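These notes are about the structure you will find just below.
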Amino acid sequence: MMIKITAMLALLLYTCLLVSASDSDPLQDFCIPRPELSPLFVSCKNSSLVTVDDFVYSGVKASGDMSKTGFSSIPVSASVFPGLNTLGMSVVRADFEPGGINVPHYHPRATEVAFVVEGRIYSGFVDSENRVFAKVIDKGEVMVFPKGLLHFQMNVGEARATIIGSFNSQNPGLVRIPSAVFGSAIKEELLEKVFGLNDRELAKLRKKLLTIKIQMDEVDKQVSYFFPQNFCKPSFRNFSSSASISSTSTGGVKLLVTAGPKAQKAVGIWLFVSAAWVFSMVVLGGVTRLTRSGLSMTDWKFTGGLPPMSDDEWLVEFEKYKQSPEYKRINKGMNLDDFKFIYWMEYAHRMWGRALGIMFALPFSYFLRKGYITVGLGLRLSGLFALGAGQGLIGWWMVKSGLEEPPSEYTEPRVSPYRLAAHLTSAFAIYTGLFWTALSVVMPEPLAAESRVWVQGAAKVKRIVLPVSILVGITAVSGAFVAGNDAGRAYNTFPKMGDTWIPDDVLVLKPLIRNFFENTATVQLDHRILATASLCAIGGLWLYTRKLDLHPAIRSLIGSTMGMAALQVTLGVTTLLSYVPVSLGSAHQAGALTLLTFMILLNHTLRRPSLQLLKTLPSVVKAP
């Protein structure tokens, strides 16, 4: 009797295993799940409460966000479309950018039928004897991928392509080959032997594929049609109808552009061009200041306007300028041709800034409409755009201070050093924000993330680079006060200031704090000290890192930063000794921004990689 009972229990257990391993046939017409109940229990709505809306799903009308491979998918299962529950099937909409690919993968529990809605797709699968069955299928054609066989797809057309895939299982499963092999924790030694790769090549491959894996994993997590094998029922929480990959799970890299590599490249180029434009604005502003052109236009309009087009219009503008303190005290007797030169300099500076606003706003609007930009990136860029728009107001606020009568007849008319420093610092902040964001778009993971040893070395350098960067930034701002006080045309000797190391009048103004912003001697002394300290700090950083195990790119970047710092100090001293000619003065201002660029790039390169990437890195990188 006991033997019969045992046999019956074994048979029952075997039957349960078979049922759990496949999609069972439904025992009723349909089973619309009751979402308010636990998904661990089979519970259907009363059929009298079921409506037609339970059998209609609208979440595949538009494509999802593109991954770095130019591919997006919107899986449709019972978790988002209750009408599919217990019917043993699921669907997916897949979209491809031109050249976009669905990486080689397989579904362990389902056969797939793919119908081409738009475009031309190179599609195929590989059987168990490694034979490839592949061809280009066009709009209206269908291809089947047998259960468990590796298959792939690529858009070979010139426009976007769309396919609808249908599975004969509620839980088809998905294994992506690149991620499974190189994005997992398989030992490096095994992969090196199988694929003939060295440590460095393997680390680069894993780093590249991990970004794709993170994006795909996020798609799987946001809209699930890959239910865990040990659950017989899906969860009925509210899922998004489209796969958002704007950010990753805890420990993953956050992607700022989510529409594939082409979108990433386009946004990156736009941001780099915008940053370069701001760089040129800073240089042009320096030339405008050094040629004493900044006060030539005595009024301001936010939208700007046409320049004088006739002799009469030029005379009107010239008469306005003649009423200014600068003309009366410095340029009295200036002829019309000389006025035209300084007017055109200031006009070019203003209109170049307005052109930057248009060049930034139009692509920004386009990328937003295309859905390339994530919410986080959109907010960041909106803030930078607002700061840029405010920069015009700050510039006019600065110019107005130079159009006011000086407090003394012996004082030269010039703009307020505080306002000039605010104007220049704001420009530096906009440039820093644009350049850092552009780097983050094109380089989501740090360049040096190829081994744990290099990551540890980068972390040590980061602790020093950050305070050095702050020192370089303060030095650049102090240069704005040198320019605002025209301090470069005083004490044109080096290393002493005149005949002494420290002039006697460095603390003559009251209250004491004014000397650091308004006293010509103190402002120049501060700038000398800060510049020397910056050079020494960068030199110390260079010496410290010589003994560390660092990525070659980081080592090269530190060396370049050291060279740029030395060049900038040399330019500063030469400019001072030459009594600030326009060429050297503008080169020195451009050098300050170039050095800041190196510091930004160094800080960005030294970032800590995401936790997911860190887990896949080898301990060391062997020499090739």
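For this chain, numbers begin at 1 and follow the sequence in order. Everything quoted here is computed from the prediction, not taken from an experiment.
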[X] side chain to [Y] main-chain N or O, any donor-acceptor pair under 3.5 Å?
| X | Y | value |
| --- | --- | --- |
| Arg93 | Val60 | yes |
| Asn155 | Ala159 | yes |
| His107 | Arg109 | no |
| Ser169 | Asn171 | yes |
| Asn102 | Gln153 | no |
| Lys462 | Arg608 | no |
| Asn168 | Ala110 | no |

query = In Å, rounded to the nearest 0.5 Å, how long is the span from CG of Leu606 to CZ of Arg463?
reply = 11.5 Å
Euclidean distance, Phe167 CZ relative to Ser77 OG, rounded to 0.5 Å = 11.0 Å
Can you name the closest pair of heavy atoms from [X] and [Y] and give their distance?
| X | Y | value |
| --- | --- | --- |
| Ser469 | Asn603 | OG-ND2, 2.7 Å |
| Thr605 | Leu601 | OG1-O, 2.7 Å |
| Leu149 | Tyr106 | O-CB, 3.5 Å |
| Asn85 | Cys31 | ND2-O, 3.0 Å |
| Gly119 | Val116 | O-CG1, 3.5 Å |
| Ala161 | Ile121 | CB-CD1, 3.6 Å |

Side-chain polar contacts of residues 355-366 - donor-acceptor pairs under 3.5 angstrom, sequence neighbours left out - could you list them?
residue : atom : partner : partner atom : Å
Ser365  : OG   : Ala361  : O            : 3.0

key: side chain to side chain contact (heavy atoms under 4.5 Å, CB included) between Leu256 and Ile373, intermediate numbers included   = CA-CA 6 Å; Leu256 299 178; Ile373 294 176; over 6 Å; no
Show me the side-chain donor-acceptor pairs of residues 135-144 shorter than 3.5 Å, one per line, residues at least two apart or across chains.
residue : atom : partner : partner atom : Å
Asp138  : OD1  : Arg120  : NE           : 2.7
Lys139  : NZ   : Glu118  : OE2          : 3.4
Glu141  : OE1  : Asp138  : N            : 2.7

query = For His151 and Phe125, what are the C-alpha separation, side-chain angles and deciding distance, and is it a ring pair (Phe, Tyr, Trp, His ring centres under 6.0 Å)?
reply = CA-CA 4 Å; His151 54 281; Phe125 64 89; 8.1 Å; no
task = Evaluate the criterion side chain to side chain contact (heavy atoms under 4.5 Å, CB included) for residue pair Asp127 and Phe133; output intermediate values, then yes/no.
result = CA-CA 8 Å; Asp127 71 2; Phe133 298 84; 3.6 Å; yes
task = Could you walk me through whether Leu550 and Val461 pass side chain to side chain contact (heavy atoms under 4.5 Å, CB included), step by step?
result = CA-CA 9 Å; Leu550 298 174; Val461 178; 3.8 Å; yes
task = Quick one: do Val103 and Phe152 satisfy side chain to side chain contact (heavy atoms under 4.5 Å, CB included)? Show the steps, please.
result = CA-CA 6 Å; Val103 299; Phe152 48 85; over 6 Å; no
List, one per line, each side-chain donor-acceptor pair under 3.5 Å for residues 431-439, sequence neighbours excluded.
residue : atom : partner : partner atom : Å
Tyr431  : OH   : Thr597  : OG1          : 2.6
Thr432  : OG1  : Phe428  : O            : 2.8
Thr437  : OG1  : Arg380  : NH1          : 3.2
Thr437  : OG1  : Gly433  : O            : 2.7

ask   = Can you check side chain to side chain donor-acceptor pair (under 3.5 Å) on Ser63 and Arg160, steps first, answer last?
value = CA-CA 10 Å; Ser63 66; Arg160 272 202 178 194; 3.0 Å; yes
query = Is it the case that Ser90 and Gln170 place a side-chain donor and acceptor less than 3.5 Å from each other?
reply = no
ask   = With distance as the sole criterion, is a donor-acceptor pair present between the side chains of Ser440 and His604 under 3.5 Å?
value = yes
